[in-house]
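Keep in mind the model is a prediction, meaning the values are calculated, not measured.
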Amino acid sequence: MQAFNQQAQEMTITEIAEILEVNRSSAFRLIYTLESCGYLRKASQKTYALDSKVMELGFNSLSKLSLLDLSTPLMKELRDQTKLAVHLSILEGTHIVFVNNIQSMGTFTSNISLGTRWPAHATVIGQMLLSDLPETEVRQRYRNFSDWDSFSDLTPTNLKALLQRLSYVKTQKTMVSWGHYNHDMAACAAPIFKQSNGKMVAVISVSCPITTYDERTFKEDIANLVVETANKISKFIY
């Protein structure tokens, strides 16, 4: 496992064998064992990469790393599983801010860049982040807010509607937008929590054109993978 590093995040059996100075058969047996135990995963048809279970081996060190350091390999793993663009967002005032992005593996290229800001009230990401706040803080943030732009019939257009929407979001482990913000795009978001106090610190999401998956597959299979990844990241956020 030490053979993997920043420069060699994915390697073939031959490359691993050369680094370890063993033959291909020995390298294959080692890889098979580590893959079975959850420490390695197939990154492509020919290459392998470290899997998320490796993080548990260095728990004490990992707990000192930043959210971005911890989330990036798991975001890449989610991208590999879904082939979709993966994003990490935080709440800033009445906007969400994208702080980490992993591009999709297909022909679709996300135009979301680091620092992109979207209105929190109108997006499932923002609604999820807002839902973790006390109602008094939500009211304070939107006290003088007037930009209630509407993008679909699910967009809250005033504070009362937003609070009603947040009461529903609080009960959900994931939120899906099927063309509700960008009409030709689908998105799925799940929360990342801090272990020490249970507070939501960020939201991980995937996005793609609506034509990429059928709605049922996206809302069930893809959503489950997003939630699983969010839970994995949450385990190491203290």
Side-chain angles (χ1 to χ4, degrees), residues 1-88 99-110 173-174 188 190 192-193 195 202 204-209 212-214 216-238:
M1 290 187 289
Q2 292 177 340
F4 292 87
N5 54 44
Q6 189 66 30
Q7 288 70 43
Q9 296 184 8
E10 297 180 12
M11 288 189 287
T12 64
I13 294 176
T14 300
E15 290 170 334
I16 293 172
E18 290 176 353
I19 291 175
L20 298 181
E21 297 181 349
V22 298
N23 58 42
R24 278 179 53 89
S25 296
S26 297
F28 176 79
R29 287 194 294 271
L30 288 169
I31 291 169
Y32 178 81
T33 300
L34 291 172
E35 185 180 13
S36 299
C37 294
Y39 295 116
L40 287 183
R41 62 180 175 85
K42 266 288 188 81
S44 68
Q45 187 174 359
K46 295 183 178 181
T47 61
Y48 292 84
L50 294 177
D51 206 346
S52 57
K53 194 172 180 181
V54 172
M55 299 174 74
E56 298 177 12
L57 299 177
F59 179 80
N60 290 332
S61 297
L62 287 166
S63 65
K64 298 179 177 63
L65 295 178
S66 71
L67 174 62
L68 294 184
D69 292 329
L70 290 167
S71 65
T72 298
L74 289 168
M75 290 174 66
K76 288 181 178 178
E77 182 178 317
L78 179 60
R79 185 273 313 275
D80 293 345
Q81 291 173 320
T82 63
K83 315 302 181 188
L84 305 181
V86 184
H87 317 284
L88 188 72
V99 295
N100 200 5
N101 294 309
I102 305 295
Q103 279 292 356
S104 67
M105 298 178 71
T107 56
F108 167 70
T109 300
S110 173
K173 63 180 182 179
T174 183
C188 177
I192 296 170
F193 295 100
Q195 292 292 320
I204 188 171
S205 61
V206 296
S207 65
C208 64
T212 305
Y213 285 99
D214 64 85
R216 185 203 63 80
T217 299
F218 191 81
K219 290 185 174 180
E220 294 179 9
D221 300 343
I222 299 301
N224 287 336
L225 290 172
V226 176
V227 171
E228 287 175 10
T229 302
N231 291 340
K232 287 179 182 178
I233 297 173
S234 295
K235 288 173 60 179
F236 301 100
I237 304 299
Y238 279 81

| Criterion side chain to side chain contact (heavy atoms under 4.5 Å, CB included) on Phe28 and Ile16, from CA distance to verdict | CA-CA 9 Å; Phe28 176 79; Ile16 293 172; over 6 Å; no
If you take all heavy atoms of [X] and [Y], which pair is closest and at what distance?
X: Glu10; Y: Ala43; answer: CD-CB, 3.5 Å
X: His87; Y: Met75; answer: C-CE, 3.7 Å
X: Phe236; Y: Leu70; answer: O-CD1, 3.3 Å
X: Ala190; Y: Val226; answer: CB-CG1, 3.7 Å
X: Leu84; Y: Ser207; answer: CB-O, 3.8 Å
X: Cys208; Y: Thr212; answer: CB-OG1, 3.6 Å

| message | A side-chain contact here means heavy atoms from C-beta on lying under 4.5 Å apart; do Leu67 and Leu88 qualify? | response | yes
| Can you find a pair of side-chain heavy atoms, one from Tyr48 and one from Ile13, that are under 4.5 Å apart? |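 Yes. Closest side-chain heavy atoms under 4.5 Å.
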| field | side chain to side chain donor-acceptor pair (under 3.5 Å) between Thr217 and Asp214, worked out | value | CA-CA 6 Å; Thr217 299; Asp214 64 85; 2.7 Å; yes
| task | Verify, without hydrogens or angle tests, whether Arg79 (side chain) and Met105 (backbone) share a donor-acceptor contact under 3.5 angstrom. | result |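 No: the side chain of Arg79 does not pair with the backbone of Met105.
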| message | Check whether Ser26 reaches the backbone of Val22 with its side chain - one donor and one acceptor, N or O, closer than 3.5 Å. | response | no
| message | Thr14 vs Arg24, test: side chain to side chain donor-acceptor pair (under 3.5 Å). Steps then yes/no. | response | CA-CA 6 Å; Thr14 300; Arg24 278 179 53 89; 2.7 Å; yes
Spatial distance of atom [atom1] ([X]) from atom [atom2] ([Y]) [nearest 0.5 Å]:
X: Leu40; Y: Thr33; atom1: CG; atom2: OG1; value: 10.0 Å
X: Ile192; Y: Lys235; atom1: CD1; atom2: NZ; value: 14.0 Å
X: Arg29; Y: Leu34; atom1: CZ; atom2: CG; value: 13.0 Å
X: Leu30; Y: Leu20; atom1: CG; atom2: CG; value: 6.5 Å
X: Ser71; Y: Asn100; atom1: OG; atom2: CG; value: 4.5 Å
X: Asn23; Y: Glu18; atom1: CG; atom2: CD; value: 12.5 Å

| query | Hey, mind stepping through Arg41 and Glu35 against side chain to side chain contact (heavy atoms under 4.5 Å, CB included) and telling me if it holds? | reply | CA-CA 6 Å; Arg41 62 180 175 85; Glu35 185 180 13; 5.8 Å; no
| message | Quick one, Tyr213 with Asp221, criterion side chain to side chain contact (heavy atoms under 4.5 Å, CB included). Give me CA distance, side-chain angles, the key distance, then yes/no. | response | CA-CA 10 Å; Tyr213 285 99; Asp221 300 343; over 6 Å; no
| request: Dump the intermediate steps for side chain to side chain donor-acceptor pair (under 3.5 Å) on Ser110 and Asn101, then the final yes or no. | output: CA-CA 9 Å; Ser110 173; Asn101 294 309; 5.9 Å; no
| request: Begin with the C-alpha distance, continue with both residues' side-chain angles, and end with the deciding distance and a verdict on side chain to side chain donor-acceptor pair (under 3.5 Å) for Thr47 and Ser44. | output: CA-CA 5 Å; Thr47 61; Ser44 68; 2.5 Å; yes
| message | Just checking Glu220: does its CD atom have more than 12 heavy atoms from other residues, nucleotides or ligands closer to it than 6.0 angstrom? | response |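 Enclosed.
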| Other residues, nucleotides, ligands: >12 heavy atoms within 6.0 Å of Lys42 NZ |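 Enclosed.
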| Step-by-step side chain to side chain contact (heavy atoms under 4.5 Å, CB included) determination, Thr229 to Ile233 | CA-CA 6 Å; Thr229 302; Ile233 297 173; 4.2 Å; yes
| With distance as the sole criterion, is a donor-acceptor pair present between the side chains of Ser234 and Asn231 under 3.5 Å? | no
